[in-house]
Amino acid sequence: MHRGYSNLKMQSSSLICSICKKNDKFVTDPESEEIICSNCGQVIPDNIQVSNRPEWHGFSILQRNSRSRTGIPTSLARHDMGLATIIGRPDRDASGQRIDAAMRSAMERLRTWDLRTQVHTSTDRNLIQAFNELDRLKDRLCLPDPIVEKTAYIYRKAQERMLIRGRTVSGILAAAVYIACRESGTPKTLKDISEGSNVKLKEVARSYRMLYFELDLKMPIIDPIRCIAKVANKSKLSEKTKRQAAEIMNIVTKKEFSAGKDPMGMAASILYLASLKNGENITQKHIANAAGVTEVTVRNRAKDLKDKFLI
DNA sequence: TAAGATAAGAGGGACAT
DNA sequence: ATGTCAGTCTTATCTTA
């Protein structure tokens, strides 16, 4: 059985993650163009110290090779957590001698049973199906590994509590991804996930609420500044506009004006107003598109903001 | 063509029955 | 469990500059 490495589009960059200080592998969110650390899942700020050195030193090629760690890491996102031993197809024994036909057929039988017992229980079969799907989801949504691990952890919990029965694997999985994103502060909307996973928005939302209650989750609220960053990057707005929008967002959030409003809608309209102030020609349509809300929402929010804050 | 206005409808939370 | 209500957002259509 081949267990491949992650097929996420890794980019080796000249950066090193400022949060976990360990990692120089990043994935880029194609939508928002945010750079995300593949180790800790944090979004990397644009202006950051550069250093692409590994955290260890190698004084010779030999040492270098011996110090780089290889092998399949253990992962919650494998039904056996990547720990299983698998009987291979050897035609030689441990000392390198060819093994005879009788032994080979015995090994073949053992191998068959070995494989059968590994995926024996319905739990295992369910997890295998789910994690295969998670693997595809990872590519579609460009999820960094820590989010994948979190998702797998949540899914396992749901499985343990027998919450999957009578519901679809994809629905629960999509909801788990959403929860994982929320927990790590990655601004992905239910809509993003619904579109990436071919699960209807309604079902993702329902599954999410179910998991939220059943697993007793405490969800951090979405940081509205993150939403600003996401929308601004996606719609290619200038840094200046972005900064001003963030300031406005801070004020608005403090006055609790944004309570109960869609944070993406707020972010979109604030960016719209900020870009007008800076003389950037940006249409409501463009910004609404980038935020995944309608023009009408942008208009209404913008109008409210103008009225209340006289911007 | 972009922006504003208006209306109908969906879906979910709060609350009462 | 079910119904109602206010508030939000979406979709669609029309008007205005």
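Reminder, nothing fancy here: chain letters follow the sequence lines and each chain counts from 1.
- Near-neighbour residues of DNA chain B inside residues 264-271 of chain A, defined by a heavy atom below 4.0 Å, are absent.
- What separates NZ of Lys191(A) from C1' of dT8(C) is a distance of 15 Å, to the nearest Å.
- Lys261(A) has its NZ atom 16 Å from the C1' atom of dG12(B), to the nearest Å.
- To the nearest angstrom, C1' of dT8(C) lies 10 Å from CG of Asn300(A).
- Within 4.0 Å (heavy atoms only), Thr283(A) reaches sugar-phosphate atoms of the nucleic acid but no base atom.
- Put simply, CG on Asp262(A) is 14 Å from P on dG12(B), counting in whole angstrom units.
- Across residues 206-214 of chain A, Arg209(A) each have a non-hydrogen atom less than 4.0 Å from an atom of DNA chain B (numbered order).
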- Query: What does nucleotides 12-17 of chain C look like as a protein-contact string, B for base, S for sugar-phosphate only, - for none, at under 4.0 angstrom between heavy atoms?
  - Reply: B-----

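- For Leu276(A) and dG4(B), the CG to P distance is 9 Å, given to the nearest whole Å.
- Partners of Tyr153(A) under the ring-ring contact (aromatic ring centres under 6.0 Å, His included) rule, at least two apart in sequence or in another chain, do not exist in this structure.
- Here Arg299(A) pairs with Gln284(A), Glu295(A), Val296(A) under the side chain to side chain contact (heavy atoms under 4.5 Å, CB included) rule; sequence neighbours left out.
- As a whole-Å value, the separation of Lys202(A) NZ from dG12(B) C1' is 11 Å.
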Identify every side-chain donor-acceptor pair in residues 200-213 of chain A under 3.5 Å, counting partners at least two apart or on other chains, and give the distances.
| residue | atom | partner | partner atom | Å |
| --- | --- | --- | --- | --- |
| Glu203(A) | OE2 | Thr168(A) | OG1 | 2.4 |
| Ser207(A) | OG | Glu203(A) | O | 2.9 |

What donor-acceptor contacts under 3.5 angstrom involve side-chain atoms of residues 251-261 of chain A, with partners at least two apart or in another chain?
| residue | atom | partner | partner atom | Å |
| --- | --- | --- | --- | --- |
| Thr253(A) | OG1 | Met249(A) | O | 2.5 |

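- Residues satisfying the salt bridge (Lys or Arg N to Asp or Glu O under 4.0 Å) criterion with Asp223(A), sequence neighbours excluded, are absent altogether.
- Residues passing the salt bridge (Lys or Arg N to Asp or Glu O under 4.0 Å) test with Glu108(A) are Arg89(A), Arg111(A), sequence neighbours excluded.
- dT11(C) atom P lies 13 Å from atom NZ of Lys285(A), rounded to whole Å.
- Within the structure, ring-ring contact (aromatic ring centres under 6.0 Å, His included) contacts touching residues 269-305 of chain A (residues at least two apart or in different chains) do not occur.
- Contacts of Arg98(A) classified as salt bridge (Lys or Arg N to Asp or Glu O under 4.0 Å), with partners at least two apart in sequence or in another chain: Asp91(A).
- For the side chain to side chain contact (heavy atoms under 4.5 Å, CB included) test, residues two or more places apart in sequence or in another chain that qualify with Ala152(A) are Leu76(A), Ala77(A), Phe131(A), Leu134(A).
- Whole-Å rounding puts the Glu203(A) CD to dG12(B) P distance at 12 Å.
- The closest side-chain donor-acceptor pair between Glu133(A) and Ser170(A) falls under 3.5 angstrom.
- Using a distance-only test at 3.5 Å, with no hydrogens or angles considered, no donor-acceptor pair links the side chain of Lys157(A) to the main chain of Leu215(A).
- Distances from the side chain of Gln284(A) to the nucleotides dT10(C), dA5(B), dG4(B) place dG4(B) closest.
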